[in-house]
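Structure first, commentary second.
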Protein chains: 2
Amino acid sequence: MYSGDFSTMPESRPIRDIAYDRLKHAIITGELPAGARIVETAFADQLHISRTPLREALRKLERDGLVEYVLRRGVVVRAFTLADIDEIFTIRNSMMMLLLPSIVERVTKADMNELRIILSEIDVALAESDFDAMAQLNRSFHRKIESLSDKKRILRVIDDQEEYITRFSAVTIASIERRANAHEEHKQMADALERRDLEELKRLFAHHLEESKQTCIAAVKNRGL
Amino acid sequence: MYSGDFSTMPESRPIRDIAYDRLKHAIITGELPAGARIVETAFADQLHISRTPLREALRKLERDGLVEYVLRRGVVVRAFTLADIDEIFTIRNSMMMLLLPSIVERVTKADMNELRIILSEIDVALAESDFDAMAQLNRSFHRKIESLSDKKRILRVIDDQEEYITRFSAVTIASIERRANAHEEHKQMADALERRDLEELKRLFAHHLEESKQTCIAAVKNRGL
DNA sequence: ATTCTGTATATTGTATACAGCTATACGGAA
DNA sequence: TTCCGTATAGCTGTATACAATATACAGAAT
């Protein structure tokens, strides 16, 4: 892993962004575990790039809070605690409550169609026990709803936080009863959205996120972070 | 501005961080206005540094959302809208509501003493019409209270947002009635905190931030952003 | 054995060099 | 004059080179 030659690709984006995505993915999936040191020369070699774009990627990750910088010692992947997970879900819930009014106001029939399609795809993934697909679709569902709002900065806060917990989505989905319940909740949320029932939506989202949080925390407690 | 030779300093921190702070300050104060293009070679020369650390600083600012990157054209300072200000205050208020319970729980006598000292210093600044000092002290007051919480991630969200509005604090303080009212509200907040009166604190903070927001928006509307 | 210290090695911090893209200016033709 | 193509200058993207610092390890002194 972390190998591959970028020089052959049609570079529409800077190499630093590709390196950034790659490292971020590795950290989020846990491939690069907490505490792992990122040695510039080693990673630059593996990615077949020079240190310059790699360092720029590291500076971004630093601001993201995914890695920690130590003077003259480089960067290490930061650790997560249960308290972090708790806060992340709390923030997300709180921000969602702020978004919902504008979402209810702005949702269109076309949006609902998109959501229904995603839900039916989750049906399939659930039936086929394709949990990777399900994790991705779940995220699409949430992102679609969030994107209906016009509050760009609030949306960004949610995005920033969500990055951190993507890593745990597999853990959460691994719970049999949770993945079925979550899907049911999603359907209810879509229904409430279609009715533009703000209060019900708030209730559903608060419940949904709380349940996800608890499942996530419980799973992490059992299997270690 | 943007000049100064770092090479003579005892460099306890990397140059890139110094450049980062410098640029951030310039952007926040409006010295570098929205839309201004940051040409790497020019700024590196002015700061008497090479492009490498400057670019790393720019990548951080990019993640902060303070500058915008355009492929092969470098970075430009991002613009702010009234909607941004509205969202920033909304986020801050919402996050504060999440922090207050732990703040009320954790506040000590020593903390209250610190807060009282800050308040008395604001008294002086107010009497002397030293608005720069007042802006800084106000911020210290808020930061002190926020720091009483142990919710690091929520605190960080607040910090991130506050950076953006620091730039408008002068605008807000310029309002005669607002600066006196704000100070009164601060005192009431300190009192409520000392009594560990959570509900009253929530009420006071919500009111305080709402008033600040309205003053800020009104001021920006009048004087332009 | 333990601790200190000097040296070699590894790694980060910064500068510079060079390649490639973009925009602009200029000149010529319609 | 206007349009278009080309040349040129300026700037970004990346690689490489060099400097400074930290770490590891071996050997000496206690």
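A note on names: the letters A, B, ... follow the listed sequences, proteins ahead of strands, and every chain is numbered from 1. Remember, predicted model here, so these are calculated numbers, not experimental data.
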Report task. Flag this pair as yes if the NZ/CZ of Arg59(B) is under 6.0 angstrom from the six-membered ring centre of Tyr69(B) and inside a 45 degree cone about the axis; otherwise no. Result -> yes

Report summary line: From OH of Tyr20(A) across to P of dG13(D) the rounded distance in Å is 17 Å

Report summary line: Atom CD1 of Ile15(A) and atom P of dA19(C) are separated, to the nearest Å, by 16 Å

Report task. Note down the inter-axis angle between the two ends of the helix from dA1(C)-dT30(D) to dA30(C)-dT1(D), five pairs each, to the nearest 10°. Result -> 10°

Report summary line: Taking dA15(C), dC11(D), dT11(C) as options, the one with an atom nearest any side-chain atom of Arg37(B) is dC11(D)

Query - Pair Glu56(A)-Arg16(A), salt bridge (Lys or Arg N to Asp or Glu O under 4.0 Å): steps then yes or no - result: CA-CA 6 Å; Glu56(A) 294 186 24; Arg16(A) 63 166 178 271; 3.5 Å; yes

**Report entry** Rounded distance (Å) that lies between atom C1' of dT12(C) and atom CZ of Arg13(B)
**Finding:** 17 Å

Report task. Find the distance Leu71(B):CG to dC11(D):P and express it as a whole number of Å. Result -> 17 Å

Can I get a per-line list of side-chain donor-acceptor pairs under 3.5 Å for residues 98-107 of chain A, giving both atom names and the distance, sequence neighbours left out?
residue   : atom : partner   : partner atom : Å
Ser102(A) : OG   : Leu99(A)  : O            : 2.9
Ser102(A) : OG   : Ser149(A) : OG           : 3.3
Arg106(A) : NE   : Leu148(A) : O            : 2.8

Query raised in the report: Can a side chain N or O of Arg16(A) be found less than 4.0 Å away from OP1 or OP2 on dG13(D)?
Result: yes

Query raised in the report: Under 4.0 Å between a side-chain N or O of Arg73(A) and OP1 or OP2 of dT23(D)?
Result: yes

Query - For atom CD1 of Ile49(B) and atom C1' of dA15(C), their distance in whole Å - result: 11 Å

Query raised in the report: With a 4.0 Å cut-off, would you call Arg51(A) and Glu40(A) a salt bridge?
Result: yes

Query - Side-chain donor or acceptor of Asn93(A) paired with backbone N/O of Thr90(A) under 3.5 Å - result: no

Query - Lys213(B) with Glu210(B): basic N within carboxylate O range, under 4.0 Å - result: yes

Side chains of residues 132-141 of chain A: which donor-acceptor pairs under 3.5 Å do they make with residues two or more places apart or in other chains?
residue   : atom : partner   : partner atom : Å
Arg139(A) : NH1  : Thr166(A) : OG1          : 2.9
Ser140(A) : OG   : Gln136(A) : O            : 3.0

Report task. Report the distance from atom CD of Glu40(A) to atom P of dC18(D), rounded to the nearest whole Å. Result -> 19 Å

Query - For DNA chain C, the residues among residues 50-61 of chain A that have a non-hydrogen atom under 4.0 Å from it - result: Arg51(A), Arg55(A)

**Report entry** Partner set under side chain to side chain donor-acceptor pair (under 3.5 Å) for Asp17(B), not counting sequence neighbours
**Finding:** Lys60(B)

**Report entry** Euclidean distance, atom NE2 of residue His48(A) to atom C1' of dA15(D) [Å, nearest integer]
**Finding:** 15 Å

Query - Nearest-Å distance for atom pair CZ/C1', residues Phe43(B) and dT12(D) - result: 15 Å

Query raised in the report: With sequence neighbours left out, what residues match Lys152(A) under side chain to side chain donor-acceptor pair (under 3.5 Å)?
Result: none

